[in-house]
K.L.:
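Okay, here's the structure, questions in a sec.
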2 protein chains.
Amino acid sequence: MQVVTPDSCRLPINAIIQGDCIQVLQMFPEQSVDLIFADPPYNLQLRHALLRPDQTVVDGVDDAWDRFEDVQEYDAFTRAWLGACRRVLKDDGTIWVIGTYHNIFRVGAIMMDLGYWILNDVIWHKTNPMPNFRGVRFQNATETLIWAKKSADQKKYTFNYHAMKHLNEEKQMQNVWHLPLCTGAERVKINGKKAHSTQKPEALLYRVILSSSNPGDLVLDPFFGSGTTGVVARRLKRHYIGIELDPAYVEIARTRIEKTPVSVCDDAMLATRSKRDMPRVGFGQLVEAQYLRVGQNLYSSDRNVVAIVRADSQLQWGNITSSIHRIAALAQHKPAFNGWEYWHYEDQAGRLVSIDSLREQYRFDQGVAD
Amino acid sequence: MQVVTPDSCRLPINAIIQGDCIQVLQMFPEQSVDLIFADPPYNLQLRHALLRPDQTVVDGVDDAWDRFEDVQEYDAFTRAWLGACRRVLKDDGTIWVIGTYHNIFRVGAIMMDLGYWILNDVIWHKTNPMPNFRGVRFQNATETLIWAKKSADQKKYTFNYHAMKHLNEEKQMQNVWHLPLCTGAERVKINGKKAHSTQKPEALLYRVILSSSNPGDLVLDPFFGSGTTGVVARRLKRHYIGIELDPAYVEIARTRIEKTPVSVCDDAMLATRSKRDMPRVGFGQLVEAQYLRVGQNLYSSDRNVVAIVRADSQLQWGNITSSIHRIAALAQHKPAFNGWEYWHYEDQAGRLVSIDSLREQYRFDQGVAD
DNA sequence: GGGCTAGGTGAATCTCCGA
DNA sequence: CTCGGAGATTCACCTAGCC
């Protein structure tokens, strides 16, 4: 009579496996991991070098692992690893996948096709993103994480609602996370150069693992890279399995995890930025929201200076176009001036009212809507 | 002999067409609109077609098939309207599509498949989102907009970078927009109940239209709904075409737009001119017109580099003769540099003044002369 | 040590025109 | 088509070095 080994015993717990995750996962038993975090290649398709305005070169992602023949190949690859992950995921487990607009739509559609059921799309809003140096698009300040359960009718999954609420100053954690890039001392470097071109910040993994797993759970990362998932899992007393193709990365991750003490980090460092860090109300928002009309006149308190509101929220004063502050300064021959104090609009009765009161009104209206 | 009507005359400008956008768009000429904003339905209606946890189980196939049927229908619908939109979009136009995690991944993947090339995914971060009442997920505070051009190799498209930068307090606009939901007086109501369940805020459309179109452009909205696109297009002096299936919504939108005052301001208040679309002034023109003298010295801002203006509008630096750009680059040991930023002349008081200001002066003088 | 400045850098689909 | 030159374009944060 054959003795059946418990599934979990056939898994190398707290280990890094060097190999292609699609093949390695085939050797795992079904339904054996509690949580998956996957940071697959994004297929960025960067064709030219990019220069900063000072002509220095941006060190972009040109790694071989991010190059695919075409979209079909990328889709087939994505379907294969997501399918393999789904097989080894427990029926009450969930998966996180991170990406950008280059790949996340294809990834999300394939996840749905495979039967995953999306719980949230979480936006990582970077506090210090790279600018758009050429001024031809909006500054790309986000990456997107898809959090999904294994199937639509899955009843159970782990979500530590209150842990997230505590991290967020006792308010519900939103699907937008304001976190800085991985830089400075946290960034793994070899001879002064970054060891991995896309190392994720530990704070990001902290939220992922803390929110959707429990101590003792098994966390799988099929694209282990520099091993951030292992580092944070260890700190939070979860087990981990990392799969990584490149032996060099395996070694980097192994060294890094060994140096990680098993301890809990400072929650305060990971807390969501509070509202006072949110963008303040700018003059542009008043124009957009029609608290002021394009073409409307603004006046100095003595009505001697008149300027026109433009669609781009600058003011037009004679043939000069500039900000409310700059034109207030110019009109008074001062080096600088606070335009919020200087400018007034005419109310329906023809009285002058400070534009600063509109800003208060805007804040009030938003507050009421909460 | 047949008289061919100009394409634009076959389009009902500033009108709402009642009908299915896929059919209606077939009657439009190719390449006839400058900008598209689409807020498609995302009711996937999958609730009753739930997938079993294990897809390999035989009796699970029926459910899986039903579900797949529904998604296929949604995909076919999405492919049809996005394809129809692409046909009527001008080759230098762009498209915006808004959605949530329920549909945006399928929409994005299909857009890529159809040849659209994504420029940004823009996150609308709601300042006042609805809470997650049951506490089982992160509070869903976002919707996603995909901004795309018609093809990957498309060279030209409209992006009013500086208008956006002015709106954002002189820093480049990010792909995350903090805007409140459409509430209060802006929300169209009938007998106290909201007239449309997903009415978008005008501030959102303000950014869409202002950033990626110019006054006089034609904006198409194939899912017109309550007509926010038409209202904002009218405010910003763009033309619009709305297509809407439901006659009740057509009527609501028509009434609403009629009540919107046509903007009476000067077009100059609506457009932000960038350096890129100003007439090019060459360095030679400044020399010819004697804004600079032959033999005059030009200086770097720290006066460490000095060159002489030649009659052929090149600079002489030691024994090197070349353009203002090339010598600025050589002097700094850089592969390239913008000479307009680098070089200065001495004014009568001996102060250094950027030669770029001379170019501005030249443009101004020419404009006055016109 | 502290404060200041200069320099470096990050998952980025990053120009346009004429010869 | 390619090639080359003109010329437009950046934000937050970290580190090293100097006073």
Side-chain angles (χ1 to χ4, degrees), chain A residues 39-63 65-68 71 98-104 124 126-144 178 180-187 189 192-194 196-201 204 223 225 277, chain B residues 112 116-121 147-149 151-157 159 161-162 165 168-175 274-278 280-284 313-314 322-326 328-329 335-343 355-356 359:
Chain A
D39 182 12
Y42 291 3
N43 192 23
L44 281 188
Q45 300 176 259
L46 305 178
R47 295 162 69 175
H48 307 288
L50 178 62
L51 299 180
R52 296 189 173 82
D54 64 3
Q55 305 295 324
T56 59
V57 178
V58 174
D59 182 17
V61 176
D62 57 355
D63 306 80
W65 48 254
D66 196 43
R67 286 196 283 270
F68 292 83
V71 175
I98 186 167
T100 60
Y101 67 88
H102 308 85
N103 71 323
I104 199 66
W124 171 25
K126 303 172 187 180
T127 55
N128 50 349
M130 187 158 61
N132 184 291
F133 293 116
R134 310 310 292 264
V136 291
R137 303 182 181 191
F138 296 97
Q139 182 185 19
N140 186 20
T142 61
E143 299 197 19
T144 301
H178 294 266
L181 292 166
C182 180
T183 57
E186 188 187 322
R187 189 93 195 199
K189 295 196 180 76
K193 297 188 70 175
K194 54 188 178 187
H196 193 286
S197 57
T198 69
Q199 185 182 340
K200 295 293 175 286
L204 188 78
F223 304 99
D277 289 332
Chain B
M112 293 169 87
Y116 289 108
W117 193 255
I118 298 177
L119 293 163
N120 279 117
D121 56 338
W147 180 42
K149 55 182 182 176
S151 67
D153 57 355
Q154 177 178 334
K155 291 279 191 289
K156 285 182 64 178
Y157 59 90
F159 178 55
Y161 174 76
H162 287 101
K165 195 170 172 178
N168 193 41
E169 315 239 285
E170 303 311 317
K171 276 181 283 193
Q172 61 176 212
M173 182 78 81
Q174 292 193 346
N175 70 326
S274 75
K275 280 191 176 178
R276 279 201 181 94
D277 46 40
M278 281 200 252
R280 278 165 88 108
V281 175
F283 187 67
S313 83
Q314 296 203 100
S322 193
S323 72
I324 55 170
H325 309 293
R326 193 81 206 102
F337 205 84
N338 183 350
W340 292 106
E341 279 187 9
Y342 187 75
W343 297 107
I355 61 169
D356 206 28
R359 187 164 58 160

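The basis for the numbers below is simple: all heavy atoms, side chains too, and nothing from hydrogens, waters or symmetry mates. Labels below follow one simple rule: chain letters A, B, ... track the order of the sequence lines, proteins then strands, and each chain is numbered from 1.
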K.L.:
Is the distance from OP1 or OP2 of D:dT9 to the nearest side-chain N or O of B:His162 less than 4.0 Å?
P.N.:
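Answer is yes, contact under 4.0 Å.
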K.L.:
Rounding to the closest angstrom, what is the interatomic distance between D:dG7 and C:dG10 at atom C1'?
P.N.:
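D:dG7 and C:dG10 have their C1' atoms separated by 26 Å.
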K.L.:
Which value, in whole Å, describes the distance between the C1' atoms of nucleotides C:dG1 and D:dA16?
P.N.:
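These two C1' atoms come out 16 Å apart once rounded.
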K.L.:
Looking at B:Tyr157, does any N or O in its side chain come under 4.0 Å of the phosphate oxygens OP1/OP2 on C:dT15?
P.N.:
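Answer no for this pair, as no side-chain N or O of B:Tyr157 is under 4.0 Å from OP1 or OP2.
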K.L.:
Does the base of C:dG8 carry an N or O that pairs as donor and acceptor with the side chain of A:Arg52 under 3.5 Å?
P.N.:
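Donor-acceptor pair under 3.5 Å: no.
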K.L.:
Regarding B:Val281, tell me which of base, sugar-phosphate or nothing describes its non-hydrogen contacts under 4.0 Å with the strands shown.
P.N.:
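Contact class for B:Val281: sugar-phosphate only.
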K.L.:
Counting only side-chain nitrogens and oxygens, does B:Lys156 get under 4.0 Å of the OP1 or OP2 atom of C:dC16?
P.N.:
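No, outside the criterion.
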K.L.:
Check every strand shown and say whether A:Glu186 touches a base, only sugar-phosphate, or nothing at a heavy-atom separation below 4.0 Å.
P.N.:
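Contact class for A:Glu186: none.
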K.L.:
Taking for each residue the nucleotide of DNA chain C with the nearest heavy atom, is it A:Arg134 or A:Thr183 whose nucleotide lies nearer the 5' end?
P.N.:
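The residue mapped nearer the 5' terminus is A:Thr183.
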K.L.:
Please produce a list of atom pairs where a protein N or O lies less than 3.5 Å from an N or O of nucleotides 5-7 of chain C.
P.N.:
none

K.L.:
Reckon A:Asp39 touches a base, only the sugar-phosphate, or nothing at all at heavy-atom distances under 4.0 Å?
P.N.:
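Since a base atom lies under 4.0 Å of A:Asp39, the category is base.
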K.L.:
Mind checking the P distance from D:dA8 to C:dT9? Whole angstroms is fine.
P.N.:
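So the two P atoms sit 27 Å from each other.
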K.L.:
Could you tell me whether A:Lys200 contacts a base, only the sugar-phosphate backbone, or nothing, with contacts defined as non-hydrogen atoms closer than 4.0 Å?
P.N.:
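Result for A:Lys200 = base.
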K.L.:
As an exercise, state the distance from CD of A:Glu143 to NZ of A:Lys200, rounded to the nearest 0.5 Å.
P.N.:
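One finds 5.0 Å between CD of A:Glu143 and NZ of A:Lys200.
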K.L.:
Salt bridge or not for A:Asp59 and A:Lys194, using N-O below 4.0 Å?
P.N.:
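Salt bridge: yes.
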K.L.:
Look through every strand shown and name the nucleotide pairing with D:dT9 as Watson-Crick or G-U wobble, where both distances are under 3.5 Å.
P.N.:
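With both distances under 3.5 Å required, D:dT9 matches none.
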K.L.:
On a whole-Å scale, what distance lies between the P atoms belonging to D:dA6 and C:dC14?
P.N.:
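Going atom to atom, P in each nucleotide, I get 24 Å.
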K.L.:
Which is true for B:Pro335 with a 4.0 Å heavy-atom rule: it touches a base, it touches only sugar-phosphate, or it touches nothing?
P.N.:
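Touches nothing.
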K.L.:
Name the pairing partner of C:dC4, where a pair is Watson-Crick or G-U wobble with both distances under 3.5 Å, or state none.
P.N.:
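With both distances under 3.5 Å, C:dC4 matches D:dG17.
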